[in-house]
There are 2 protein chains.
Amino acid sequence: MATSRSNGIPVPAVRRLSLYLRQLESLAANSRKTVSSRQLGEALGLTDAQVRKDLAYFGQFGHPGVGYRVNELVTRVRSILGTDKTWNVLLVGAGNLGRALFCYRGFTKKGFQIVAIFDRNPAVIGTHPDPSRRIPVQPMGELDETVRRRNIRLAILAVPADHAQSVAREVLDAGVRGILNFAPVALRLDESVPVAAVDLSVHLEQLSFQLAGAPPQPKRNAVHAAARRRR
Amino acid sequence: MATSRSNGIPVPAVRRLSLYLRQLESLAANSRKTVSSRQLGEALGLTDAQVRKDLAYFGQFGHPGVGYRVNELVTRVRSILGTDKTWNVLLVGAGNLGRALFCYRGFTKKGFQIVAIFDRNPAVIGTHPDPSRRIPVQPMGELDETVRRRNIRLAILAVPADHAQSVAREVLDAGVRGILNFAPVALRLDESVPVAAVDLSVHLEQLSFQLAGAPPQPKRNAVHAAARRRR
DNA sequence: TTTTGTGAATTGCTTCACAGCA
DNA sequence: TGCTGTGAAGCAATTCACAAAA
């Protein structure tokens with residue numbers, strides 16, 4: 001995973017930038033004109049100082065005594081995230097999850113357009129996962145040409161864990177530059193390739209941990225270490 | 001979001017614990033008996049010191065000169081995460097994403113069982129999203145009784161953004177303790193409620209940012225600040 | 001007033017480096 | 001020798017607190 005941060009911007013700040021944008025878009029939809037760092041922070045469970053510091057990493061967007069102008073900031077943040085233009089995206093995997101992602105309506109207004117879907121299973125090739133669009137499932141052999149012709153830079157992987165690594169290689173070889181991976185496996189790729197990973201079970205595990213609490217055996221100190229080996 | 005950490009364990013360490021478990025399960029499936037912190041780290045893009053430090057937060061699991069015994073550590077980590085027992089989970093939202101999550105086969109072996117699915121749309125109530133299971137979509141009115149009867153503690157929300165907040169309240173009132181939220185909106189709930197959020201567009205935005213690079217206007221310093229206001 | 005942007009202080013996390021065990 | 005567990009050091013992120021702008 002490309003955890004670059006070669007610029008001086010903290011990784012967590014970039015993650016939060018997406019959340020600020022989402023909140024700002026919601027405010028804009030409600031015709032809100034300005035918002036303060038305090039209000040933005042409250043909506044997202046952050047301090048006002050955190051919000052100001054984060055935004056200040058990218059420029060000076062605020063107006064003292066006023067706050068941030070919503071529409072102005074939306075434009076700026078989109079430009080920073082690179083979603084002021086539309087990205088063409090391909091999807092590999094036409095199983096349950098792949099088809100659901102393909103049909104998901106939320107990507108478009110965020111600047112992402114899934115323009116192609118691939119699968120290696122002959123039984124689904126040629127079918128139309130979303131009847132409202134004229135996009136058939138294509139065989140993997142057409143990857144290279146489609147990536148080139150449609151100028152695709154991002155790929156979503158919704159394939160089984162045991163295929164993910166090889167599919168990742170294939171899409172990168174075809175010219176894709178970044179990957180959103182839904183397969184429950186760690187991809188081993190060049191450091192320079194941006195990878196985002198979503199493992200559905202991992203998120204449930206984090207909830208489980210918080211509810212189960214830290215284990216009754218928090219941490220033994222060095223004094224007791226002598227008694228530790230059990231075999 | 002409950003970012004508690006009332007214990008002394010770093011939040012990032014808990015997140016990585018899930019990744020260690022996933023990797024360890026994969027090693028176990030390949031009949032690997034032991035693994036070193038170095039090998040575990042390499043597979044996940046972490047340093048060996050990071051792996052040892054993380055695991056040491058939870059106990060002393062390693063064997064000097066040998067490494068970690070895979071099966072032993074799998075058992076220990078499952079117990080720490082609370083997934084050594086099965087959690088009953090409910091799902092709200094029988095749209096494309098909700099049905100895909102309901103049909104997803106990966107949860108069970110991780111200790112999560114989706115035992116009920118709800119929707120407020122009368123047109124889908126009574127239908128069977130997964131024909132291989134005898135679980136019909138239920139109306140929201142049956143939430144309370146089902147949560148109680150099936151001893152459900154976790155809920156997955158796959159509803160539209162504008163319903164998510166009220167649905168979250170409903171499931172909490174029904175007795176649910178933690179929420180995995182797929183709606184692209186920040187839930188405002190009591191600090192004590194664990195919430196995990198997955199926003200599909202947010203992950204694509206992070207890739208977009210990494211490919212677009214930090215903006216050509218990185219950060220003006222105080223000297224140039226005088227020239228900054230544009231309106 | 002209100003609210004930003006930002007150095008300084010603080011808190012948190014990761015890496016180093018090595019004693020000790022197998 | 002190989003490898004863990006862990007204090008200490010170093011680095012990164014957050015919070016504080018206040019001058020300056022509207």
Side-chain angles (χ1 to χ4, degrees), chain A residues 3-17 20 33-42 44-70 72-73 76 218-231, chain B residues 3-17 20 33-42 44-70 72-73 76 218-231:
Chain A
T3 316
S4 51
R5 213 181 63 52
S6 51
N7 45 24
I9 300 169
V11 170
V14 179
R15 278 203 294 263
R16 286 189 295 265
L17 200 56
Y20 298 142
K33 295 308 174 204
T34 66
V35 65
S36 69
S37 56
R38 167 100 80 109
Q39 294 164 333
L40 212 37
E42 245 161 38
L44 295 168
L46 305 167
T47 65
D48 55 332
Q50 177 86 82
V51 173
R52 292 197 301 278
K53 184 69 94 173
D54 282 346
L55 293 175
Y57 283 122
F58 301 97
Q60 311 212 103
F61 306 137
H63 302 270
V66 176
Y68 299 89
R69 302 208 215 279
V70 174
E72 180 192 345
L73 193 49
R76 302 301 209 87
K219 181 171 177 174
R220 270 164 290 179
N221 62 33
V223 182
H224 300 117
R228 74 190 141 96
R229 304 285 169 216
R230 270 152 318 285
R231 90 202 71 237
Chain B
T3 315
S4 52
R5 215 183 60 50
S6 51
N7 45 27
I9 300 168
V11 170
V14 179
R15 278 203 294 263
R16 286 189 295 265
L17 199 56
Y20 298 142
K33 295 308 173 202
T34 66
V35 65
S36 68
S37 57
R38 166 100 81 107
Q39 295 164 332
L40 212 36
E42 245 161 37
L44 295 168
L46 305 167
T47 66
D48 56 333
Q50 178 85 82
V51 174
R52 292 197 301 279
K53 184 69 97 175
D54 282 348
L55 294 175
Y57 282 121
F58 301 97
Q60 310 213 101
F61 306 138
H63 302 271
V66 177
Y68 299 88
R69 300 206 218 281
V70 174
E72 180 193 345
L73 192 50
R76 301 303 209 86
K219 179 170 177 172
R220 272 164 289 178
N221 61 32
V223 182
H224 300 117
R228 75 190 140 96
R229 304 281 168 218
R230 269 154 315 290
R231 94 199 69 238

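Residue numbering restarts at 1 for every chain, and letters A, B, ... go by the order of the sequence lines. What you see below is based on every heavy atom in this structure, not just the backbone, and it leaves out hydrogens, waters and symmetry mates.
Remark: C1' of C:dA22 and CZ of B:Arg69 are 10 Å apart, rounded to the nearest angstrom. Taking atom OH on A:Tyr20 and atom P on C:dT4, their separation rounds to 12 Å, with Å as the unit. Counting to the nearest Å, the P atom of C:dA17 and the CG atom of B:Asp48 are 12 Å from each other. One atom, CG of A:Asp54, and another, P of C:dG5, lie 12 Å apart when rounded to the nearest Å. The nearest whole Å value for the distance from the OH atom in B:Tyr57 to the P atom in D:dG5 is 13 Å. In this entry the distance linking CG of A:Leu73 with P of C:dT3 reads 16 Å, nearest Å. With rounding to whole Å, A:Leu55 atom CG is found 11 Å from C:dT4 atom C1'. The CZ-P distance, from A:Phe61 to D:dA21, rounds to 20 Å in whole Å.
Note on A:Gln50: every side-chain N or O is 4.0 Å or more away from OP1 and OP2 of D:dA13. Contact between the side-chain N/O atoms of A:Gln60 and the OP1/OP2 oxygens of C:dG5 is not found at any separation under 4.0 Å. Between B:Ser37 and D:dT4 there is a side-chain polar atom (N or O) within less than 4.0 angstrom of OP1 or OP2.
When all heavy atoms of A:Tyr57 and A:Ala13 are compared, the closest pair comes out as CD1-CB, 4.0 Å. When all heavy atoms are compared, the tightest approach of A:Pro64 to A:Gly62 is CD-O, 3.9 Å.
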Should A:Leu73 and A:Leu55 be marked as a side chain to side chain contact (heavy atoms under 4.5 Å, CB included) after you check the CA-CA gap, both sets of side-chain angles, and the distance that decides it? CA-CA 10 Å; A:Leu73 193 49; A:Leu55 293 175; 4.0 Å; yes
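Closest to the side chain of A:Tyr68, from the set C:dG5, D:dT15, D:dT6, is C:dG5. Nearest nucleotide to the A:Pro12 side chain, out of D:dT4, D:dT14, C:dG5: D:dT14. Ranking C:dT4, C:dT6, D:dG2 by closeness to the A:Pro64 side chain, first place goes to C:dT4.
Applying the side chain to side chain donor-acceptor pair (under 3.5 Å) criterion to A:Tyr68, with sequence neighbours excluded, gives no partner residue. Partners of A:Arg16 according to the side chain to side chain donor-acceptor pair (under 3.5 Å) rule, which considers only residues two or more places apart in sequence or in another chain, are A:Asp54. Residues that satisfy the side chain to side chain contact (heavy atoms under 4.5 Å, CB included) test with B:Arg38, not counting sequence neighbours, are B:Ser36, B:Glu42, B:Asp48.
Side-chain contact between B:Val35 and B:Tyr20: absent, with no pair of heavy atoms (C-beta onward) separated by less than 4.5 Å.
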Using atom names, set out every protein N or O paired with an N or O of nucleotides 16-19 of chain D below 3.5 Å, distance rounded to 0.1 Å.
from   : atom 1 : to      : atom 2 : distance (Å)
D:dA17 : N6     : A:Arg52 : NH2    : 3.3

